[in-house]
Amino acid sequence: MADENNIEAAAPAADAPGAAPADNRGPRRGRGGPGGGNNRGGNDRNRGGRRDDRRGGNRDEDQGEELIEKLVHINRVSKTVKGGKRFGFAALVVVGDGKGRAGFGHGKAREVPEAISKATAAAKKAMVRVPLKEGRTLHHDGLGHFGAGNVTVRSAPAGTGIIAGGPMRAVFESLGVADVVTKSNGTSNPYNMIRATFEALGEQTSPKAVAQRRGKKVADLLRRGGASVEVAQADAEAIAE
């Protein structure tokens, strides 16, 4: 009986004010557990949300302009090293906005997707503007030469379409040309054909640019072809570039 009385007396003693250490340990666990954990988690989520917003804004700025990407050629390359050969891939990509701007790029990597991404990035940095007649064809004929590649590009009436093959077709499709006639002489190497095509496009000029350079009116230049004043004036007003 004495032992039972001692046990019953000891039980209330644990809940007495003297048992502060047990109560103190409880609040510490509360502050370190649910309360502190929720606050830190909320802050982390808020910080993560702000980071995601910033990244999303950058992606929107980079993708503000929609580009047409054409994969022209993929070649497997190898490098002989000690112990064997190391294989990789080379990609040739043409990029354009379909409104008169286009460029090409070349990239190498161990994997095909990485090579394509490198070539696309290089093409975006090397984009050039080409003046288009009525937004569908070239203003005049042109010749391009690079290495063993020789190409001829000619303007065409509406409804002709893109008469070009291989790499040259990818250039005009990304450029936004709807009617053109081309001919390639010499090598069929896609790299030389692409470079020769851009050489020909780089020589394109518009009547508006020529008139500004010579200090004349566009209608005066168009009348030299034998057109009447009214027709020349109408053609001059129709020229956008």
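Predicted, not measured: the structure shown is a model, and the values here were computed from it. Residue numbers start at 1 and run along the sequence shown.
- Contact annotation: the side chain of T160 approaches that of V181 to within less than 4.5 Å [non-hydrogen atoms, C-beta and beyond].
- Residues Y191 and I116 do not share a hydrophobic cluster, clusters being chains of Ile/Leu/Val/Met/Phe/Trp/Tyr side chains in contact below 4.5 Å.
- Note on L71 and F172: separate hydrophobic clusters, where clusters join Ile, Leu, Val, Met, Phe, Trp and Tyr whose side-chain heavy atoms are under 4.5 Å apart, directly or indirectly.
- Nearest heavy atom pair, residue I162 against residue R169, reads O-NH2, 2.6 Å.
- Within the 4.5 Å cutoff, the side chain of D141 has no heavy atoms near those of the T152 side chain.
- Distance alone, capped at 3.5 Å, is enough to place a donor-acceptor pair between the H140 side chain and the T205 backbone.
- Classified by interplanar angle (parallel below 30°, tilted 30° to 60°, perpendicular above 60°), the ring pair F104/F198 is tilted.
- Looking only at side-chain heavy atoms (C-beta outward), S155 and V180 stay at 4.5 Å or farther from each other.
- Taken together through direct or relayed side-chain contacts under 4.5 Å among Ile, Leu, Val, Met, Phe, Trp and Tyr, V93 and M168 form parts of separate hydrophobic clusters.
- Without hydrogens or angle criteria, D97 side chain to L67 main chain gives no donor-acceptor distance under 3.5 Å.
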Item to complete: Dump the intermediate steps for side-chain contact (heavy atoms from CB on, under 4.5 Å) on E69 and K124, then the final yes or no.
Response: CA-CA 10 Å; E69 301 177 3; K124 291 179 181 179; 4.0 Å; yes
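- With a 4.5 Å cut-off on side-chain heavy atoms, K70 and V171 do not count as touching.
- By the 6.0 Å contact criterion, CZ on R195 is enclosed, its count of non-hydrogen atoms from other residues, nucleotides or ligands being greater than 12.
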